[in-house]
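The sequence lines fix the lettering, A, B, ..., with proteins before strands; numbering per chain opens at 1.
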Amino acid sequence: MSILLISKLRIWDGSTGKVIIPAISFELNSGSCLAIVGESGSGKSLTCRAILRLNQRNIRQSGEIVFQGERIDRLAENEMRRRRGKQLYMIPQNGMRAFDPTSVIGVHLRDTLVHHFGWNRSEIVEKMKLAMQSVRLKDPVGIMNKYPHQMSGGMLQRVMISLAIVLEPDIIIADEPTSALDTVSKYEVIEQFCRLREKMGCSMIFVSHDLGVVRKIADEIVVMRDGNIVERGEASVLFAKPQHEYTRHLVASHAGIHEHFNRVIGGPAYVSR
Amino acid sequence: MNRIHYLFKDRLALFSFLLITTTLLVGIFAPWVAPNDPQEVHMNLRFASVSWKYLLGNDHLGRCVLSRLIYGIRPSVLWVLITLAISVGIGAVVGFVAGYFKEKTDAFLMRICDIMFSFPGYVMTLAIIGVLGVGIENILLAFVLIKWAWFARIIRTSVIQHSNAEYVKFSKALGTSSFKIMRMHILPVTLPDIIVTSSSSFSSMVLQISGFSFLGLGVQAPHAEWGMMLNEARQVMFSRPEVMLAPGITTIIFVSAVNFFTDALQIALDPKLTPIGREHRKGLKQRANLHRGEVA
Amino acid sequence: MNKMSRYILRRSLLAIPLLLVISFITFVLNILSPMDPAEVVLHAQGVPQITEDLLAETRTALGMDQPLFIRYLNWMLSCLQLDFGNSYVTGKPVWSMLGPAFLNSLKLTVISAVTVIVLSIGLGIICALTEGRWVDKSIRGIAFFLTSMPSYLLAALLVWYFSVKLDWLPTNGIDSVQSYILPVSVITISYAGIYFRIVRSSMLNHLNEDYVLYGRACGLPEIRITMRLLRNSLQVAVSIFFMAIPIILGSTVVIENLFAWPGLGMLSVKSILSRDFSIIQAYVLVLAAAFIAVNTFSDVINTLLNPKLREDS
């Protein structure tokens with residue numbers, strides 16, 4: 001059963017009239033994780049923002065977006081706003097820039113939770129504390145009193161994940177959440193994403209150009225190139241038998257890096273020879 | 001040079017450019033272009049209105065307004081341009097030396113700039129006029145003394161950014177002489193920055209110099225200058241406000257043209273063609289705007 | 001003593017060597033002058049025949065026969081007590097003329113700076129929020145036209161219309177509150193036209209930041225987002241405000257002369273025309289010192305506002 005259905009989504013630049021995404025359609029099944037894969041500039045981020053209707057003012061969109069049987073593309077802005085965060089939650093690319101640099105992290109967390117649930121301060125601190133501990137953030141209260149620049153990108157990503165745990169959204173949209181991270185923090189963050197799915201059973205759209213990460217988390221994959229979907233299918237099938245030339249190229253180059261990596265560190269490829 | 005081509009696709013920019021060049025040419029060839037002697041007094045023609053012989057009419061001494069405007073281009077525009085060129089030249093030399101050799105040379109030169117920055121522009125100009133006496137040449141001297149530090153600061157930043165580039169390090173490693181590296185590798189890439197900053201101070205300098213002449217501290221009678229013509233017009237403002245129109249509108253049109261052209265130049269030189277990219281240029285523009293902050 | 005107050009102290013101490021250098025330059029400026037101050041003084045006192053003896057006597061009276069450095073020290077020490085000597089022309093103490101003028105200029109400047117900043121922020125926000133629409137375009141168009149206009153022309157036009165044609169406002173002097181309206185408007189129009197563009201572009205830069213996107217994605221109301229935007233982009237406005245004060249103070253020269261405002265600008269031009277060096281010297285020193293003080297202050301304020309800078313300090 002699909003929780004989110006997107007059909008004939010078209011995105012264009014309102015000032016120049018240039019079409020960025022001609023028409024794409026895809027659906028997200030309840031409880032599953034859909035990965036959108038493609039190079040930068042293929043329109044992945046624009047698609048994510050279009051679902052939440054958060055693209056910049058000059059970017060226009062048309063097409064149907066059905067969330068839980070409701071046409072959210074037709075909702076009034078304040079109705080839409082009520083769904084953002086609580087039902088559709090987005091985690092942007094760069095944690096370092098996702099928080100207001102002039103106030104401490106706790107301010108954003110409190111603003112969001114007060115707005116959606118009307119909780120008081122101690123309730124918020126209590127819930128955030130638990131959530132942060134569950135994503136292995138030490139000293140939650142200390143973190144809430146820190147400014148974004150005093151923390152690392154990986155920590156901030158995990159703060160955003162912990163906010164998702166408290167908000168319990170139906171869909172989490174993660175826009176390249178690991179691309180700005182180093183390998184170790186990337187691993188930690190991906191692990192938290194996997195646990196988040198296990199724990200909450202929420203649906204997820206996971207955008208990435210990193211096939212290694214996608215392989216780990218996705219059930220289904222959509223491959224985008226130049227604003228078009230060139231291939232889609234179940235993750236295991238797609239990795240084993242890519243149909244489209246471009247997908248094959250992506251998978252092959254990913255495997256190539258892997259093989260090279262394994263050879264360098266003396267991994268399985270070397271042993272099997 | 002394809003960026004210059006890009007610039008002239010913008011109609012307004014092309015028009016501004018033509019207007020500026022025409023003004024400059026008319027100023028240079030003033031004796032041949034001007035219909036009358038700008039200093040010839042005709043007391044019987046005081047405040048005469050437009051006629052065929054005097055296309056823009058006559059001023060309070062019966063002098064030809066059009067001819068005075070044309071001769072006024074020289075101090076109001078040409079001298080300002082030369083002053084600007086000199087200050088940019090000094091600024092560029094200092095900026096290059098500071099940005100390229102860094103460390104102690106840089107620290108020393110930048111401290112001098114800091115000192116220059118502690119005098120507000122107008123105050124420094126007034127101080128120099130106070131000491132050396134009234135006259136346009138002293139104002140221009142003051143402008144050079146004040147502005148070079150500003151240009152040096154900006155050019156230095158740009159040079160530092162470029163001198164860290166790989167190809168510069170490579171040339172250094174090859175033992176190419178510093179002078180040659182600066183000329184071959186750094187000057188071409190910093191040139192857009194230099195052009196953008198210097199062009200954006202041009203209009204403010206034109207306004208300032210006319211402001212000083214307006215106060216009677218610049219060009220002295222009977223020579224013509226736009227600001228001074230406005231000052232003369234002000235004295236009869238209550239009885240004949242229309243005398244202000246000719247020099248006033250001329251100044252506004254010329255300064256607008258310079259501003260339009262500067263903006264277009266900034267956009268034309270901006271696109272991702274240079275390695276330093278947008279962020280830097282944005283900062284540059286912002287600083288340039290702040291500098292423009294001194295209004296006449 | 002905590003980190004912050006240590007920073008403030010260090011930043012203030014940094015200003016001292018700068019002040020020393022500047023005072024020295026100001027002092028030397030006077031010496032560079034081609035005119036002999038003794039001669040000026042004697043002329044001003046209306047002495048009919050200036051003899052060599054008389055000149056030497058006056059020089060001794062002015063302390064000009066001592067070595068340069070000693071003269072500088074003496075001058076410096078008396079300056080610190082606001083004793084800038086006597087006017088060469090009127091013979092009155094310089095501070096008795098400069099002080100009131102400074103106060104008058106300061107009143108004009110501070111009031112103008114406040115209106116400049118209010119207008120710049122207001123217009124900047126309006127333009128940023130309506131970017132590309134007609135409101136934005138027309139405000140920018142008008143501002144473009146007004147900044148291309150010499151401020152004295154603008155002033156003359158306003159005087160001609162409001163004082164001469166309508167006879168609503170006084171043309172000069174500082175008699176009543178109405179006297180402020182025209183000069184303040186001219187300064188405000190000239191500067192706000194420049195500064196609002198900075199506020200606008202700063203707002204627009206922040207509008208594309210990820211924290212705005214994330215805030216919206218969390219469903220925060222637009223008013224909250226705008227508040228965050230303001231807090232971030234107004235840092236620029238704070239630096240503009242403090243930068244504007246000394247710049248306006250220095251450049252009210254034209255406006256003051258136009259409106260016969262008894263401030264520093266008028267005093268300085270009058271002194272230049274009468275070659276009254278002692279006043280010019282004090283004027284340069286006082287303004288440069290004010291400039292440095294305000295700059296230091298604005299640095300400190302900026303650091304206080306920006307947690308990142310606060311960290312680095």
Side-chain angles (χ1 to χ4, degrees), chain B residues 111-112 114-134 203-204 206-208 210-212 214-217 226-227 230-231 233-234 237-238 241 244 247-249 251-260 263 279 282 285-286 289-290 292-296, chain C residues 18-19 21-22 25-26 29-30 32-35 144-145 147-153 156-157 159-160 164 187 190-191 193-195 197-198 201-202 205 236 239-240 243-244 246-247 249-254 257-258 265 268-269 271-273 275-277 280-281 283-284 287-288 291-292 295:
Chain B
R111 285 300 80 72
I112 297 183
D114 278 346
I115 294 170
M116 299 309 295
F117 284 140
S118 335
F119 290 101
Y122 265 93
V123 177
M124 189 71 173
T125 315
L126 286 177
I128 288 175
I129 304 171
V131 170
L132 297 179
V134 169
S203 65
S204 74
V206 169
L207 285 176
Q208 283 178 21
S210 80
F212 281 113
F214 180 80
L215 291 179
L217 300 176
W226 297 351
L230 276 167
N231 189 20
R234 180 170 69 115
M237 185 171 73
F238 301 125
M244 287 196 298
I249 291 176
T251 314
I252 293 176
I253 291 178
F254 183 76
V255 174
S256 303
V258 173
N259 282 342
F260 271 124
D263 279 7
E279 278 305 311
K282 235 183 237 158
K285 192 175 171 185
Q286 215 168 64
N289 280 340
L290 277 177
R292 213 192 265 175
E294 292 212 332
V295 180
Chain C
L18 206 56
L19 277 171
V21 174
I22 279 165
I25 293 177
T26 317
L29 259 184
N30 207 359
L32 288 178
S33 144
M35 298 272 286
F144 195 91
F145 174 74
T147 46
S148 300
M149 190 188 245
S151 59
Y152 54 84
L153 181 61
L157 288 178
V159 166
W160 173 71
V164 181
I187 296 173
S190 336
Y191 283 94
I194 296 166
Y195 289 149
R197 298 208 327 192
I198 300 169
S201 67
S202 156
N205 282 347
V236 181
S239 17
I240 295 172
M243 248 163 115
I247 289 179
L249 192 61
S251 54
T252 47
V253 187
V254 178
N257 279 285
L258 234 155
S268 63
V269 171
S271 319
I272 287 171
L273 294 175
R275 320 226 82 192
D276 196 343
F277 293 118
I280 299 170
Q281 195 178 31
Y283 164 75
V284 175
L287 271 193
F291 197 72
I292 294 174
N295 275 347

Discussion item. Using every non-hydrogen atom in the two residues, find where C:V284 and B:A127 come nearest and quote the distance to one decimal.
Written reply: CG2-CB, 3.4 Å
Practice prompt. State the CD1-CD1 distance between C:I280 and B:I128, to the nearest 0.5 angstrom.
Written response: 12.0 Å
Fill in: Note, B:D263 side chain near C:F144 side chain (heavy atom, < 4.5 Å)
yes
Practice prompt. Please look at C:I22 and chain B and tell me whether the side chain, the backbone, both or neither of the residue comes under 4.5 angstrom of a heavy atom of that chain.
Written response: both
Fill in: B:L126 versus chain C, the contacting section by heavy-atom distance below 4.5 Å
both
Practice prompt. Return the minimal non-hydrogen interatomic distance between B:V131 and C:F277, and the atom names on each side.
Written response: CA-CE2, 3.9 Å
Worksheet entry | Closest non-hydrogen atom pair, B:G248 against C:L153 | CA-CD2, 3.5 Å
Fill in: Those residues that, when tested against C:Y283, pass ring-ring contact (aromatic ring centres under 6.0 Å, His included) (two or more places apart)
none
Fill in: Nearest-0.5 Å distance, CE of residue C:M149 to CD1 of residue B:I253
11.5 Å
Worksheet entry | Validation row: B:S210, C:Y152 side chains within 4.5 angstrom (heavy atoms) | yes
Discussion item. Return the CG to CZ distance between C:L258 and B:F214, rounded to the nearest 0.5 Å.
Written reply: 4.0 Å
Item to complete: Looking only at non-hydrogen atoms, find the nearest pair between C:S148 and B:N259 and report the distance.
Response: OG-ND2, 3.3 Å
Discussion item. Between C:L273 and chain B, with a heavy-atom cut-off of 4.5 Å, which part of the residue counts as in contact: side chain, backbone, both or neither?
Written reply: side chain
Item to complete: Could you tell me which portion of C:V21 (side chain, backbone, both or neither) has an atom closer than 4.5 angstrom to a non-hydrogen atom of chain B?
Response: side chain
Item to complete: Using non-hydrogen atoms and a 4.5 Å limit, figure out which bit of B:F212 sits close to chain C: side chain, backbone, both or neither.
Response: neither
Discussion item. Among residues at least two apart in sequence or on other chains, which ones pass side chain to side chain donor-acceptor pair (under 3.5 Å) with C:D276?
Written reply: C:S87, C:S278
Worksheet item: Of the non-hydrogen atoms in B:M244 and C:L157, which two are nearest, and what is the gap between them?
Response: CE-CD2, 4.1 Å
Worksheet entry | For B:I252 against C:P150, the heavy-atom pair lying closest together | CG1-CD, 4.3 Å
Fill in: Interface moiety of B:L217 toward chain C, non-hydrogen atoms closer than 4.5 Å
side chain
Worksheet entry | Distance in Å, C:N257 CG paired with B:L215 CG, rounded so as to fall on 0.5 Å steps | 5.0 Å
Worksheet item: For C:I25, is it the side chain, the backbone, both or neither that has a heavy atom under 4.5 Å from a heavy atom of chain B?
Response: side chain
